[in-house]
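What follows is a short report on a single structure.
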There are 2 protein chains.
Amino acid sequence: MNGSTTVEDYVKTIYGHTEWQPESITPSALAARMGLAASSVTEMVKKLAASGLVTHVPYGAITLTDQGRALALRMVRRHRLIETWLVESFGYGWDEVHDEAEVLEHALSDRMLDAISRQLGQPTRDPHGDPIPAADGTVRLPDAVLLSQASDGHRGAVVRISDRNPELLRWLDEHAVRLDAPIEVIERRPFGGALAVLVDGHPLDLGSDAAAAIWLAA
Amino acid sequence: MNGSTTVEDYVKTIYGHTEWQPESITPSALAARMGLAASSVTEMVKKLAASGLVTHVPYGAITLTDQGRALALRMVRRHRLIETWLVESFGYGWDEVHDEAEVLEHALSDRMLDAISRQLGQPTRDPHGDPIPAADGTVRLPDAVLLSQASDGHRGAVVRISDRNPELLRWLDEHAVRLDAPIEVIERRPFGGALAVLVDGHPLDLGSDAAAAIWLAA
DNA sequence: TCCCAAATTTCGGCATGCCGAAATAATACG
DNA sequence: CGTATTATTTCGGCATGCCGAAATTTGGGA
Ligand SMILES: [Mn+2]
Ligand SMILES: [Mn+2]
Ligand SMILES: [Mn+2]
Ligand SMILES: [Mn+2]
C-alpha cells in the first residue's frame, strides 16, 4: 500500500520542492534531491500514482494529490517537530538535527509525537524557521523574501534559513545570523558578487549561496 | 555487512533465549520466537554465521559468538533503556512499551541513547526488572528464582516479570504484583493448579502462566 | 540395525527498491 | 522543418528478506 519509509520520503521531498515556490517537480529534479537514479524515480512515481499520492502524465511533472499532500504534511510535521525536540531537549545544534530527524520521523509513534509536541508547548516553527504543520495538516508560511532577491535597503528579521547545508548553518551562527536577527540590505555588488548587509547593526558580506538560503520578513 | 534491523533482531532474539537459562537455541525455536518460517531462519543464520555473529553447524543449534553477543547486548541495552524512558518520560504503562521500543531500538543514534541514559540517571534495570547492560556490554543478572519453581515458604521480592504478555502485565499490576513487591509462597496446589502466595501480605492465587513469568529474589 | 517422524535445509519464487544501459519521447536550435 | 541534445522511460539485473514445497538429515523407537 502506501506508507513505507521510502514512500514517506518521496512525498516529503516532493512537498519540500513546492513549499516556497510552488511549481511541480520534474522527475530529474526529484532524483537529484533524493540522490537516486532517474530510473528509480520513474518507477516509484508510477507506484505513487497508482496508490493515489501523486498525479503524473508520462514525461510530465509530478504533483501531489490531496492525499499525497496530507501524507507529506504529516511527515513534515514529524520531521520539524523532531528537529525542534532534538535542539530543545537534547542539546543538538541546529546544524546537527537533520539526519537524525530523517530517521526518527519514520519511527516515532503518533502517541510519542503528540507527547513531544505537548512537552515543547506545541511549537509552530522548527530551529530553522520552517513552519511546523498542525496535526490537522494546516500550515501557515510566513510572508518572506529571499535575501538574495531583496531590494537594497530592505529591512526585516530572519524568518527562515535553509537547513540544507550544515556548514553554512555553522558559519551563519558564528556570524550572528540566527532566527529573528534583524537584517538590513546595504548593497548588492554586481556580477554575482557578495551582498553587503547589516546583521543586528554589524556589517557582514554574504556570498550568493548564503544569500539564497536566508529569508527575511517581507 | 552486519547491523541491519533484521540482523539486530535476530541476535537480540538469540541472546534473549539464553539470558535466563543458558542453552543455545535451535532453528525451530528461533523461528517460533521471531514468527518466521523455519526456512527463512536457516538462510539468515547462514548469513549471520558468515559474518561471524553466530556459530552454527548444519542441523545443530545456534550460538552467539563474542561479536554476536556484543551486538546483542548493545541492542538489549537500547531496548531496555528505551522502555524505561517511555515509562519515565512519556507516561507509558509497563505493558505498553515493548512494541514501541522494538522499533526505536533500531532508530535512535548512540548520541541520543547516551543522552537518554544520562537523563534517566543511568538506570540498571528496565520497567520489567530486566537488567540494562552497561554501554561496555557488561550485565549483571540478579540472583533470581522463577516463582513457578520456588519452594513452599520461599520469600523474596519480585525482581523480574516477563514482558511477553501485556495482558498479564496489566492483571499483575492490578493485583499489586509489581517490581520489588515482597512475595511469600504459601502453597503449591497439585496437578498444575494455582500457586497460593502472599503479595505484600495479601493472599493471591496465581495460575501457572503467571507463576512462570515472575522471578523472585533468591 | 532399520525405519519413520520431526527438524532442517534447499530450491524456486515473490516483494521492495535500487542501478546502468538502451530505447524512446520531448525540446531546442540551426 | 529536421536534427541533435536532453529528459524520461523501459528493461534486465542485483540485494535483502521472506515464504511454501520438496529434499535431506537426524535421532528415537521397534
Ligand atoms: Mn526520512
Ligand atoms: Mn528544519
Ligand atoms: Mn521489551
Ligand atoms: Mn526490533
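Protein chains get the first letters and strands the later ones, always in sequence-line order, with residue 1 at the start of each.
- Checking D:dG20, C:dG17, C:dG20 against every side-chain atom of A:T6, the shortest atom distance belongs to C:dG17.
- Applying the side chain to side chain donor-acceptor pair (under 3.5 Å) test to A:S109 and every residue at least two apart in sequence or in another chain returns B:Y92, B:E100.
- Identified under the salt bridge (Lys or Arg N to Asp or Glu O under 4.0 Å) test for residues 67-76 of chain A, with sequence neighbours left out: A:R74-A:D110.
- Annotation: ring pair (Phe, Tyr, Trp, His ring centres under 6.0 Å) contacts involving residues 116-135 of chain B, sequence neighbours excluded, are absent.
- Within the structure, side-chain hydrogen bond (donor to acceptor under 3.5 Å, both in side chains) contacts touching residues 207-218 of chain A (residues at least two apart or in different chains) do not occur.
- Considering only side-chain N and O atoms, A:S4 lies nowhere under 4.0 angstrom from the phosphate OP1 or OP2 of C:dT16.
- Non-hydrogen atoms lying under 4.0 Å from DNA chain C are contributed by B:T26, B:P27, B:S28, all within residues 26-36 of chain B.
- Remark: P of C:dC18 and NZ of A:K47 are 8 Å apart, rounded to the nearest angstrom.
- Enclosure of atom CG in B:D136 by more than 12 non-hydrogen atoms of other residues, nucleotides or ligands within 6.0 angstrom is indicated.
- Every pair passing salt bridge (Lys or Arg N to Asp or Glu O under 4.0 Å) that includes a residue from residues 118-129 of chain A is listed here, sequence neighbours excluded: A:R125-A:D180.
- Sorted by first then second residue, the salt bridge (Lys or Arg N to Asp or Glu O under 4.0 Å) pairs that include residues 32-50 of chain B, not counting sequence neighbours, number zero.
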Anything under 3.5 Å between a protein N or O and an N or O of nucleotides 10-13 of chain C, put it in a table, one pair a line.
unit_1, atom_1, unit_2, atom_2, d
C:dT10, OP2, B:K46, NZ, 2.8
C:dC11, N4, B:E43, OE2, 3.1

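- Note on residues 5-17 of chain B: pairs passing salt bridge (Lys or Arg N to Asp or Glu O under 4.0 Å), not counting sequence neighbours, are B:D9-B:K12, B:K12-B:E102, B:K12-B:E105.
- Rounded to whole Å, the distance from CD on A:E8 to C1' on C:dT16 is 15 Å.
- A:H98 meets the ring pair (Phe, Tyr, Trp, His ring centres under 6.0 Å) test with A:H79; sequence neighbours excluded.
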Identify all side-chain donor-acceptor contacts of residues 144-152 of chain A below 3.5 Å with residues at least two apart in sequence or on another chain.
none

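- In the region residues 56-65 of chain B, proximity to DNA chain D at under 4.0 angstrom, judged on heavy atoms, holds for B:Y59.
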